[in-house]
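It should be emphasised that the depicted structure is a prediction, and the values quoted were computed from it without experimental measurement. Numbers for residues simply follow the sequence, beginning at 1.
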Amino acid sequence: MAAVESRPLSPNPPRIRVLPDLLISQIAAGEVVERPAAALKELLENSLDAGAKSLDIELLAGGIRRIRVADDGHGIAASELPLALARHATSKIGSLEELERVSSLGFRGEALASLAAVARLSVVSVTAGARHGARIEAAGGETGAVEPAAHDAGTVVCADDLFYNTPARRKFLKSEATEFGHCDEVARRIALARPEVAMTLTHNGRRVWSAPGQSLRARARDLLGAEFDDAAVELSEPGEAITLSGLAALPRYTRHARDQQYVYVNGRFVRDKLIAHALRSAYADVLHGDRQPALVLFLALDPARVDVNVHPGKSEVRFRDAHAVHQFVFHAIRKALARPGESAAAPTADPLAWVRPSAPVGGGTMPWSARAQQGQLSALSVREPAAFYQTLFGVNAGPGADAPVIDAPAAPIPPLGFALGQLHGVYVLAQNAEGLVLVDMHAAHERILYERFKAAFDAAGVAAQPLLAPIAVALGERDRALVEREAALLSRLGFDVAPLSEREVAVRSIPAMLPSIDVPAMLREVLDEIADHGASHAVESGRNEALSTMACHGAVRANRQLTIAEMNALLRQMEETERSGQCNHG
């Protein structure tokens, strides 16, 4: 290891001195105005605090050459324009009590002053009832005089040549495209937070996007795309002290990154680890691998219960009762995702116009009746499922027959429709009011069992079925130790396991819902799940993994031939089961 050269102490240590005002402002600006996107965020928040209903954003060179924001808010009086550019001057708060209950987006009084220190800044504004507007300019820490200016309403702030007087800082900026990407994202966050506000974004003279004042769902569709809108469910969960609302996408629409996770606390976009953990936990049963959920959520609570004065960027918050917030968000999202039928949406493509019995779909074996084979289906549209079903399987199907008797004109069509047959021993083909539905029977049955196991476990543990004769299972040293240490958890899972010898244990009971399982294989996998999650987390994550393993073992296997009645029973159970549109593995 190389020796570090030591410096002798100077006989004349440097003297403490007061920094120049411009340097103080430039240092402060480094915290508030890190890049063009940060400056844009501050300007947009100022406009919203001013009651703007329309925002026009103009950028040049990714915001490096110019950031211009025009709004129709209440404006700034000419006499107050110099104060607007002064450090720590604000109309948002005036006391510590107001700071502790701040509800505005801005409150520090640093944004315009910071921009004036590192850019060429101009502000033009007019208030309601004023005969004309006023203009003020600032650059390099010098503020000019207030001058009359022609302006219709509101305020226009223009920041040119960002970091022109701090070249070292400008070198840290990325390419024009990268900086514009950050600005675009900031504008989208603001647009989603306030969908009633019309917004337009222009870059280098080209209009990038424009959104009128609209509903949240319409704004989300415009900015996040039709796929998000099609998969999103609405949330409205009021609580005694907290309210959660917004849109959460079902698991069929996920992202590889968190780029479509928009979380707002009292209207302010935040990145909060506690909320992120609650969201991830709520999606745990239905999210595949490292995929990320997409959502636009608004958390509202008493401003006194959340501290927004944590970081100059104001994107971090601290909750007074963090656990209560975590649990509220977790349960609200789980409740929204668990609605039966939410994730079993009807196909959006046009349904087949005619059913041709001479060419069965997918080439699978289907129980076509003699009447169907005689071609009596040729005139029945798939938009008449009940009549089609009766023609396919026979109107006079008696007791014990696979196809139930249906009153075609009056029968309500279930969301997943009626089973037509089985394809390749893996899929159930059904028909609903919109068209055809394809169901992976193993995945569906696995989810049904899993939800039943969880409900039973939460109530009183999984019911156990004693075995007529104990089954000896050979286990390694680790697993035998787990059997002794986690006996109570295994019992709640439906297993009665006791040591039999130094190398074996005796299984005396198994989960009653799984009468036909490979007991040794299942026990080993359950022990693996408990070991992976640790004893301290076994009742939470570990138990879910163990229950998922049990459900996978107990679910109907591929190539098992089901009767029409069994297929219909599976479809009806899916319609009544939470999260039935997604398997346990996401």
Mind running side chain to side chain contact (heavy atoms under 4.5 Å, CB included) on Leu467 and Arg508 for me, showing each step along the way?
-> CA-CA 6 Å; Leu467 298 174; Arg508 297 181 293 205; 6.0 Å; no

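- For the pair Ala249 and Tyr283, the tightest heavy-atom approach, listed with the atom from each and the gap, is O-OH, 2.7 Å.
- Summarising the geometry, atom CZ belonging to Arg318 is positioned 12.5 Å from atom CG belonging to Leu274; distances are rounded to the nearest 0.5 Å.
- In this structure, Glu575 contributes its side chain and Leu416 its backbone to a donor-acceptor pair below 3.5 Å.
- Counting heavy atoms from C-beta outward, Val505 and Leu523 have side chains that approach closer than 4.5 Å.
- Residue Gln573 holds its CD atom at 13.0 Å from CD of Glu451, rounded to the nearest 0.5 Å.
- What you find for Ala419 and Asn568 is that their closest heavy atoms are N-OD1, 2.8 Å.
- Once rounded to the nearest 0.5 Å, the distance linking CZ of Arg305 with CD1 of Ile242 reads 6.0 Å.
- With hydrogens and angles disregarded, a donor-acceptor distance shorter than 3.5 Å links the side chain of Arg219 to the backbone of Pro212.
- Contact between Phe328 and Pro238 at its shortest, heavy atoms only, is CZ-C, 4.2 Å.
- Note on Arg572 versus Glu576: no salt bridge recorded, every NZ/NE/NH1/NH2 to OD/OE distance being 4.0 Å or above.
- The side-chain heavy atoms of Trp209 and Met199, taken from C-beta on, include a pair separated by under 4.5 Å.
- Here the straight-line distance linking atom CG of Asp479 with atom CD of Glu484 works out to 12.0 Å at 0.5 Å rounding.
- With sequence neighbours excluded, the residues that form a side chain to side chain donor-acceptor pair (under 3.5 Å) with Asp229 are Arg217, Arg221.
- Nearest heavy-atom pair across Pro520 and Asp518 is CD-OD1, 3.2 Å.
- In plain terms, the two heavy atoms of Ala220 and Phe228 that are nearest each other are CB-CE2, 3.9 Å.
- When only modelled atom types and interatomic distance are considered, Gln292 and Arg255 share no side-chain donor-acceptor pair under 3.5 Å.
- Rounded to the nearest 0.5 angstrom, Glu185 CD and Arg188 CZ are separated by 7.5 Å.
- Contact annotation: the side chain of Val428 never approaches that of Val437 to less than 4.5 Å [non-hydrogen atoms, C-beta and beyond].
- In this structure, Leu55 and Leu48 have side chains that are in contact, with non-hydrogen atoms separated by less than 4.5 Å.
- Looking at Met441 and His445, their side chains never come closer than 4.5 Å, going by heavy atoms from C-beta outward.
- Formation of a donor-acceptor pair under 3.5 Å by the Glu196 side chain with backbone atoms of Gly213 is not found in this model.
- Checking Asn432, Leu571, Ile413 one by one against Phe418, the side-chain contact (heavy atoms from CB on, under 4.5 Å) holds for a single residue, Ile413.
- The shortest distance between side-chain heavy atoms of Ile190 and Leu40 does not fall below 4.5 Å.
- The two atoms that bring Ala282 and Leu337 nearest to each other are O-CD1, 3.9 Å, heavy atoms only.
- Between Val296 and the choices Leu223, Val263, Leu235, Leu216, the side-chain contact (heavy atoms from CB on, under 4.5 Å) rule is met once, by Leu216.
- In this structure, the side chain of Thr577 does not engage the main chain of Ile448 through any donor-acceptor pair within 3.5 Å.
- Side chain of Ser491 to main chain of Ala487: no donor-acceptor pair is present (N/O by atom type, distance under 3.5 Å, no hydrogens or angles).
- Put simply, the side chain of Pro511 reaches to within 4.5 Å of the side chain of Phe495, judged on heavy atoms.
- To the nearest 0.5 Å, atoms CD (Glu240) and CG (Leu301) are separated by 14.0 Å.
- Looking at Gln422, its side chain does come within 3.5 Å of a backbone N or O of Leu562 through a donor-acceptor pair.
- By the 4.0 Å N-to-carboxylate-O rule, Arg478 lies close enough to Asp528 to be salt-bridged with it.
- Atom CD of Glu227 has 12 or fewer heavy atoms from other residues, nucleotides or ligands within 6.0 Å.
- Using bins of under 30°, 30° to 60° and over 60° for the plane-to-plane angle, the ring pair Tyr264/Phe269 lands in the perpendicular bin.
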Can you list the steps and then say if Ile57 with Leu43 is a side chain to side chain contact (heavy atoms under 4.5 Å, CB included)?
-> CA-CA 10 Å; Ile57 307 164; Leu43 296 182; over 6 Å; no

